[in-house]
Visitor: 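One structure follows; several queries about it will come next.
Below, all heavy atoms of this structure are taken into account, side chains as well, without hydrogens, waters or symmetry copies. Heads up: numbering here begins at 1 and tracks the sequence.
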Amino acid sequence: MSSCVCKPYPGYVIGVGSSGSMVSNIQYYLNAIKTSLPTIPAVTVDGVFGSATERSVAAFQRAVGLAADGKVGAATWFALCRKLCVESVHPVAKPWPGSVYRQGSSGSPVRDIQLYLSNIAEKFPNVQREQVDGVFGTTTDYSVRIFQQEFGLTVDGAVGRDTWNKLVEIYNTL
């Protein structure tokens, strides 16, 4: 990894019942680390710290020799960051950026959507490969609709939380 993506420790323990961007970050970190520690279960990056995230954190803690309580305190946070920033891990999809993307949108998140769709299309032939240009035009709209239909989502061509999280889930399993 060329640069560390780890955020500063928030100063409090994060566990079951927590939600928000710090939880999304933890879920993203776990999925990234899973590429080098396959005993860690993958989690959906949804910003909600539930039992699946707790199990994944506990598996990470066991793998690195920490007490496996399934909570993210300072020791676990710094171990996650050390694994991300010092050891080589493969990139995984990013957490939902918090906005809805649709035809007319542009920028880095649209580029990510197009990249995820293109990679998913290699394994799922019904999904269309995308030109990764960062512009959400008619072809990206069409590709998103096919993806949504293929994976049982609301078919509206917009990439909100549910569609983004499904893209991430499928992309991270490739």
Side-chain angles (χ1 to χ4, degrees), residues 1-8 10 14 19-38 40-50 52-53 56 60 77 80-81 83-174:
M1 191 164 261
S2 58
S3 64
C4 184
V5 296
C6 213
K7 305 283 186 206
I14 301 168
S19 62
S21 64
M22 283 302 183
V23 175
S24 292
N25 289 330
I26 291 165
Q27 293 165 331
Y28 172 78
Y29 302 162
L30 289 166
N31 285 336
I33 292 166
K34 179 185 177 18
T35 64
S36 65
L37 288 176
I40 298 172
V43 292
T44 300
V45 181
D46 60 6
V48 178
F49 200 119
T53 302
S56 189
F60 170 76
W77 186 274
L80 285 165
C81 289
K83 190 78 175 158
L84 278 170
C85 300
V86 177
E87 300 179 26
S88 178
V89 296
H90 300 287
V92 296
K94 298 174 184 171
W96 184 56
S99 296
V100 177
Y101 301 92
R102 58 178 47 94
Q103 195 165 343
S105 299
S106 62
S108 178
V110 173
R111 187 178 305 277
D112 293 335
I113 292 164
Q114 294 166 331
L115 175 70
Y116 304 156
L117 285 168
S118 290
N119 281 280
I120 290 167
E122 292 178 19
K123 187 171 180 183
F124 296 91
N126 289 346
V127 177
Q128 180 175 309
R129 285 191 59 82
E130 265 301 299
Q131 178 179 345
V132 182
D133 62 6
V135 178
F136 201 127
T138 56
T139 59
T140 302
D141 178 80
Y142 180 72
S143 296
V144 167
R145 289 173 188 274
I146 290 172
F147 175 84
Q148 289 170 328
Q149 183 174 350
E150 184 77 10
F151 291 97
L153 300 164
T154 301
V155 180
D156 59 6
V159 180
R161 180 188 302 271
D162 291 344
T163 299
W164 184 283
N165 286 340
K166 184 55 83 171
L167 281 165
V168 165
E169 177 187 330
I170 303 302
Y171 177 82
N172 284 341
T173 62
L174 298 177

Visitor: Side chain to side chain contact (heavy atoms under 4.5 Å, CB included) for Asp112 and Trp164? Distances and angles first, verdict last.
Guide: CA-CA 10 Å; Asp112 293 335; Trp164 184 283; 4.1 Å; yes
Visitor: Could you please spell out the steps behind the side chain to side chain contact (heavy atoms under 4.5 Å, CB included) verdict for Leu80 and Lys83?
Guide: CA-CA 5 Å; Leu80 285 165; Lys83 190 78 175 158; 5.9 Å; no
Visitor: For the atom pair OG (Ser56) and OH (Tyr29), what is the distance rounded to the nearest 0.5 Å?
Guide: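 Rounded to the nearest 0.5 Å, the OG-OH separation comes to 14.5 Å.
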Visitor: Taking the side chain as everything from C-beta on, heavy atoms only, tell me whether Val135 gets closer than 4.5 Å to Thr140.
Guide: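 Result no, sub-4.5 Å side-chain heavy-atom pair not found.
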Visitor: Ile33 versus Ile40: any side-chain heavy-atom pair under 4.5 Å?
Guide: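 Yes, close enough: below the 4.5 Å cut-off.
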Visitor: Evaluate the side-chain proximity of Phe147 to Lys166: yes if any heavy-atom separation is below 4.5 Å, no if none is.
Guide: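 Lys166 vs Phe147: side chains touch.
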Visitor: Do Val144 and Tyr101 have side chains that get closer than 4.5 Å, going by heavy atoms?
Guide: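 No, their side chains stay 4.5 Å or more apart.
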Visitor: Are Trp96 and Val45 close enough that some pair of their side-chain heavy atoms sits under 4.5 Å apart?
Guide: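 No, too far: nothing below the 4.5 Å cut-off.
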Visitor: Under the 3.5 angstrom rule, does the side chain of Arg102 hit a backbone N or O of Gly157 as a donor-acceptor pair?
Guide: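 Answer holds: no.
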Visitor: Please find the pair of heavy atoms, one from Pro41 and one from Lys34, that lie closest to each other, and give the distance.
Guide: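 Minimum heavy-atom contact is C-CD, 4.3 Å.
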Visitor: What verdict does the side chain to side chain donor-acceptor pair (under 3.5 Å) test give for Thr138 and Gln103, after you've listed the backbone C-alpha separation in whole Å, the side-chain angles of each residue and the deciding distance to 0.1 Å?
Guide: CA-CA 7 Å; Thr138 56; Gln103 195 165 343; 5.2 Å; no
Visitor: Between Gln149 and Val155, is there a donor-acceptor pair closer than 3.5 Å when you use the side chain of the first and the backbone of the second?
Guide: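 No, because the side chain of Gln149 does not come within donor-acceptor range (under 3.5 Å) of the backbone of Val155.
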Visitor: Would you sort out whether Val48 and Val23 count as a side chain to side chain contact (heavy atoms under 4.5 Å, CB included), showing the intermediate values?
Guide: CA-CA 6 Å; Val48 178; Val23 175; 5.6 Å; no
Visitor: Name the one of Leu167, Ile146, Val127 that satisfies side-chain contact (heavy atoms from CB on, under 4.5 Å) with Phe151?
Guide: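 Output: one option passes, namely Val127.
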Visitor: What I want to check is whether the side chains of Gln128 and Thr139 have a donor and an acceptor closer together than 3.5 Å.
Guide: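 No, because no side-chain N or O of Gln128 sits under 3.5 Å from a partner of the opposite role on Thr139.
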Visitor: Check Leu153 against Asp162 and note the closest heavy-atom contact, atom names and distance.
Guide: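 Closest pair (atom of Leu153, atom of Asp162, distance): CD2-O, 4.3 Å.
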Visitor: Is Gln148 reaching over with its side chain to a backbone N or O of Thr163, donor-acceptor style, under 3.5 angstrom?
Guide: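 Not confirmed, Gln148 side chain does not pair with Thr163 backbone.
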Visitor: Would you call the rings of Tyr171 and Tyr116 parallel, tilted or perpendicular, where under 30° means parallel and over 60° means perpendicular?
Guide: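 Tyr171 vs Tyr116 ring planes: tilted.
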Visitor: Is Arg145 paired with Asp141 through a side-chain N to carboxylate O contact shorter than 4.0 Å?
Guide: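 Between Arg145 and Asp141 there is a salt bridge, with a charged N closer than 4.0 Å to a carboxylate O.
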Visitor: Where do Ile14 and Ile26 land on the side chain to side chain contact (heavy atoms under 4.5 Å, CB included) test, with the steps shown first?
Guide: CA-CA 9 Å; Ile14 301 168; Ile26 291 165; 3.7 Å; yes
Visitor: Please report the shortest heavy-atom distance between Glu169 and Thr44, naming the atom on each side.
Guide: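 Of all heavy-atom pairs spanning Glu169 and Thr44, the closest is OE1-OG1, 4.4 Å.
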Visitor: Between CD of Glu130 and OG of Ser118, what distance do you get to the nearest 0.5 Å?
Guide: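 One gets 6.0 Å once the value is rounded to the nearest 0.5 Å.
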Visitor: Minimum heavy-atom separation for Gly134 and Gln114, please, with both atom names.
Guide: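 Taking every non-hydrogen atom into account, N-OE1, 2.8 Å.
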Visitor: So, taking the atom named CG in Asn25 and the one named CH2 in Trp77, what distance separates them when rounded to the nearest 0.5 Å?
Guide: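 Going from the CG atom of Asn25 to the CH2 atom of Trp77 covers 5.5 Å.
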